[in-house]
Amino acid sequence: MKKIIHIDADSFYASVEIRENPELKLLPIAVGGNPNSRGVIATCNYEARKFGIHSAMSSAMALKLCPSLRILPPRMSLYREYSLSMREIFSNYTDKIEPLSLDEAYLDVSDSTLCGGSATFIAKEIKEKVFEKLKISVSAGVAPVKYLAKIASDWDKPDGLYVISPKQVDSFVLPLSVKKLPGVGPVTAKKLAGRGIFTCADIQKLELSTMVRLFGTFGRRLYEMSYGIDERGIDSKSDRKSISVERTYASDMHNLESIFPNLEELLLSLDERFEKLDSSLMIKKLFVKIKFNDFSITTIESAATDNKGKNNERFHHLLSAGWQRQQKPVRLIGVGYRLSPSSYEQLPLPFEQDGSIRDE
Ligand code: TTP
Ligand code: MG
């Protein structure tokens with residue numbers, strides 16, 4: 001039987017901002033984009049949640065709900081620093097850490113002898129250490145399997161610690177709403193409800209073959225989760241190899257002059273996505289994908305540097321070199337980073353020596 005802890009920081013970006021400026025503590029605050037330019041809320045503190053504000057809501061709407069809301073611009077590099085400090089604390093308890101995002105990670109402490117070998121005491125101590133060092137609170141869930149640890153960390157938020165012991169698994173899952181199961185969004189929940197399935201107990205009344213017929217491979221996973229089963233281990237090495245964003249444009253672009261103005265927006269989106277990933281991932285290479293109007297695709301890549309401005313120049317260069325390949329009207333542009341899991345790799349290499357073009 002495994003001992004898994006899932007840790008998730010409370011209102012993470014907002015908590016960091018409050019830590020940096022404690023005067024904000026009792027005020028409703030949010031981190032997000034400009035309400036005048038269709039910005040959205042990344043997160044808000046629990047004070048602001050009382051007004052009904054939540055992640056992904058438009059900043060303009062948030063201000064309507066709470067006119068005194070302070071909306072701060074995101075400072076991703078700061079959040080990454082906090083994320084790394086949290087990770088350092090986790091690593092005192094186990095090597096088996098699987099980060100899910102900047103503020104979230106699974107820890108497998110099955111083999112740990114610390115805190116008398118008690119996962120509950122380890123989770124409690126981690127919460128204390130994070131607060132001691134960073135002055136932000138995290139919620140922890142402890143369970144014998146991953147998905148239950150994740151549900152548990154959310155059970156008693158903020159500043160929660162919820163434990164589902166092996167003995168409690170059966171009684172915990174029976175009344176559990178299917179909406180709490182990872183992967184069950186509004187569409188699946190509705191489909192399940194249409195069949196009279198609202199809880200894990202309802203799934204348990206069905207045969208595995210019925211679930212698979214109704215929901216494909218996810219049906220098997222739902223069936224297993226309804227019994228508290230989750231075979232997944234902790235993946236300590238992030239297997240994310242790349243991240244990219246791409247856009248198909250309404251009308252084809254016929255020359256570089258019309259192609260270039262799109263690059264900035266693409267790079268901004270790419271960075272936004274990258275900054276939310278596991279903070280130990282490093283950018284190893286840059287790549288650009290171009291789809292021409294005959295649907296042929298060219299991918300071109302070069303090494304990354306640790307300088308953002310230089311990387312953006314290289315993207316510019318790549319876009320130009322990629323287009324020169326075929327010089328046909330362009331319908332899609334993608335930009336991306338190839339990633340490596342640690343910071344040990346040597347990054348800067350001259351573009352000219354490394355630039356390579358690959359046709360797909
Ligand atoms: P979450 O852990 O989902 O949210 P949270 O930490 O702000 O609040 P909670 O107490 O409920 O855990 O996400 C972590 C951070 O990721 C969050 O602080 C901001 C960012 N984020 C976005 O930028 N956009 C989003 O839509 C979400 C959900 C989060
Ligand atoms: Mg969180």
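Here the structure is a predicted model, which is why all the values come from computation and not from measurement.
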Quick one, Met225 with Arg221, criterion side chain to side chain contact (heavy atoms under 4.5 Å, CB included). Give me CA distance, side-chain angles, the key distance, then yes/no.
CA-CA 6 Å; Met225 287 195 287; Arg221 174 124 171 90; 3.8 Å; yes
Glu246 and Ile333: CA distance, side-chain angles, deciding distance, side chain to side chain contact (heavy atoms under 4.5 Å, CB included) verdict:
CA-CA 6 Å; Glu246 56 183 50; Ile333 306 172; over 6 Å; no
Whether Asp252 and Lys328 form a salt bridge (side-chain N of Lys/Arg under 4.0 Å from carboxylate O of Asp/Glu) is what I want to check.
no
Taking the six-membered ring for Trp, are Phe260 and His316 parallel (under 30°), tilted (30 to 60°) or perpendicular (over 60°)?
parallel
Nearest heavy-atom approach of Pro166 to Pro144 is CA-CG, 3.9 Å
Please tabulate, one pair per line, all N/O donor-acceptor pairs under 3.5 Å involving side-chain atoms of residues 173-182, not counting sequence neighbours.
{"from": "Ser177", "atom 1": "OG", "to": "Lys179", "atom 2": "N", "distance (Å)": "3.1"}

CG/Asp95: more than 12 non-hydrogen atoms of other groups inside 6.0 Å:
no
Would a distance-only check, ignoring hydrogens and angles, find a side-chain to backbone donor-acceptor pair under 3.5 Å from Ser302 to Leu286?
no
For Gly141 against Ala152, the heavy-atom pair lying closest together
CA-CB, 3.6 Å
Under 3.5 Å side-chain donor-acceptor pair for Asp271 and Tyr337
yes
Test item: Ser91 side-chain N/O and Glu88 main-chain N/O as donor-acceptor pair under 3.5 Å:
yes
Check: Ser59 side chain, Gly39 main-chain N or O, donor-acceptor pair, under 3.5 Å
yes
Cluster overlap Leu27 with Ile53, hydrophobic side-chain contacts below 4.5 Å
no
What pairs with Ser165 under side-chain contact (heavy atoms from CB on, under 4.5 Å), at least two apart in sequence or on another chain?
Lys167, Gln168
Do the side chains of Leu263 and Val335 get nearer than 4.5 Å, heavy atoms only?
yes
Would you give the length of the straight line joining atom OH of Tyr93 to atom OG of Ser112, rounded to the nearest 0.5 angstrom?
9.0 Å
Which atom names give the shortest non-hydrogen contact between Asn262 and Ser258, and what distance separates them?
ND2-O, 3.2 Å
Is it the case that the side chains of Ser139 and Asp10 hold a donor-acceptor pair, with the cut-off being a distance below 3.5 Å and no angle test?
yes
Could you check whether any side-chain N or O of Lys2 sits under 3.5 Å from a backbone N or O of Ala143, counting only pairs where one atom can act as donor and the other as acceptor?
no
May I ask you to test the Ile259-Leu319 pair for a side-chain heavy-atom distance under 4.5 Å?
yes
Side-chain touch Leu192/Phe215, heavy atoms, less than 4.5 angstrom:
yes
Considering residues at least two apart in sequence or located in another chain, which fulfil the salt bridge (charged side-chain N to carboxylate O under 4.0 Å, His left out) criterion with Lys64?
none
For Glu264, does the CD atom sit with more than 12 other heavy atoms under 6.0 Å from it, leaving out its own atoms?
no
Smallest separation among heavy atoms of Pro99 and Ala105, with atom names:
CA-CB, 3.9 Å
Are Glu47 and Lys25 ion-paired here, with the side-chain N under 4.0 Å from a carboxylate O?
no
Starting from the C-alpha separation in whole Å, work towards a yes-or-no answer on side chain to side chain donor-acceptor pair (under 3.5 Å) for Ser244 and Arg273.
CA-CA 8 Å; Ser244 62; Arg273 291 197 55 199; 5.6 Å; no
Here the side chain to side chain donor-acceptor pair (under 3.5 Å) pairs for residues 182-202, sequence neighbours left out, are Thr199-Asp202, Asp202-Lys205
Do Glu224 and Tyr147 pair up side chain to side chain, a donor and an acceptor below 3.5 Å, judged on atom types alone?
no
Without swapping roles, check the side chain of Thr298 against the backbone of Gly322 for a donor-acceptor pair under 3.5 Å.
no
Check whether any side-chain N or O of Arg220 sits under 3.5 Å from a backbone N or O of Leu208 as a donor-acceptor pair, and report yes or no.
no
Which residues share a side-chain hydrogen bond (donor to acceptor under 3.5 Å, both in side chains) with Asp111, sequence neighbours left out
Lys96
Connected via hydrophobic side-chain network under 4.5 Å: Val142 and Val169:
no
When rounded to the nearest 0.5 angstrom, what distance separates NZ in Lys289 from CD1 in Ile300?
15.0 Å
Drop me the distance from Met282's CE to Phe274's CZ, to the nearest 0.5 angstrom.
7.5 Å
Drop me the distance from Glu125's CD to Ile89's CD1, to the nearest 0.5 angstrom.
10.5 Å
Restricting to non-hydrogen atoms, name the atom on Ser101 and the atom on Arg87 that form the minimum distance, rounded to 0.1 Å.
O-NH2, 4.4 Å
Please list every donor-acceptor pair under 3.5 Å in which a side-chain atom of residues 69-77 meets a protein atom from a residue at least two apart or in another chain.
{"from": "Arg75", "atom 1": "NE", "to": "Glu17", "atom 2": "OE1", "distance (Å)": "3.4"}
{"from": "Arg75", "atom 1": "NE", "to": "Glu17", "atom 2": "OE2", "distance (Å)": "3.2"}
{"from": "Arg75", "atom 1": "NH2", "to": "Glu17", "atom 2": "OE1", "distance (Å)": "2.7"}

Going through the distances and angles, do Leu134 and Lys129 end up as a side chain to side chain contact (heavy atoms under 4.5 Å, CB included)?
CA-CA 8 Å; Leu134 302 174; Lys129 296 271 183 226; over 6 Å; no
Once you round to the nearest 0.5 Å, how far does CD1 of Ile7 lie from CD1 of Ile126?
4.5 Å
Just how far is it from atom CD1 of Ile243 to atom CD of Glu275, taken to the nearest 0.5 Å?
10.0 Å
Looking at Ala9 and Met86, what are the two nearest heavy atoms and their distance?
CB-CE, 4.2 Å
Within the distance-only criterion (no hydrogens, no angle test), does the side chain of Lys127 pair as donor or acceptor with the backbone N or O of Val138 below 3.5 angstrom?
yes
Does Arg49 make a cation-pi contact with Tyr46, if we ask for NZ or CZ under 6.0 Å from the ring centre and within 45° of the axis?
yes
Would you kindly say whether Ser251 and Arg331 are connected by a side-chain donor-acceptor distance under 3.5 Å?
no
Does Leu332 share a hydrophobic cluster with Leu270, counting links as ILVMFWY side-chain heavy atoms below 4.5 Å and allowing steps through other members?
no
May I ask you to say whether Lys146 pairs ionically with Asp108, meaning some side-chain N is under 4.0 Å from a carboxylate O?
no
So, Thr94 side chain and Phe90 main chain: donor-acceptor pair closer than 3.5 Å or not?
no
Would you say the side chain of Tyr223 lies within less than 4.5 Å of the side chain of Phe218, judging by non-hydrogen atoms?
no
Take Ser296 and Gln326 through the side chain to side chain contact (heavy atoms under 4.5 Å, CB included) test and state the conclusion after the steps.
CA-CA 9 Å; Ser296 64; Gln326 303 204 23; 3.1 Å; yes
If you measure only the distance, is there a donor-acceptor pair under 3.5 Å linking the side chains of Thr305 and Asn311?
yes
Within-4.5 Å side-chain heavy-atom neighbours: Cys44 and Phe51:
no
Looking only at atom types and distance, does a side-chain atom of Asn45 sit under 3.5 Å from a main-chain N or O of Ile29, one as donor and one as acceptor?
yes
Shared hydrophobic cluster, Phe121 / Ile164 (ILVMFWY, side-chain heavy atoms < 4.5 Å)
no
Kindly work out whether a path of hydrophobic side-chain contacts (I/L/V/M/F/W/Y, heavy atoms less than 4.5 Å apart) joins Val184 to Val145.
yes
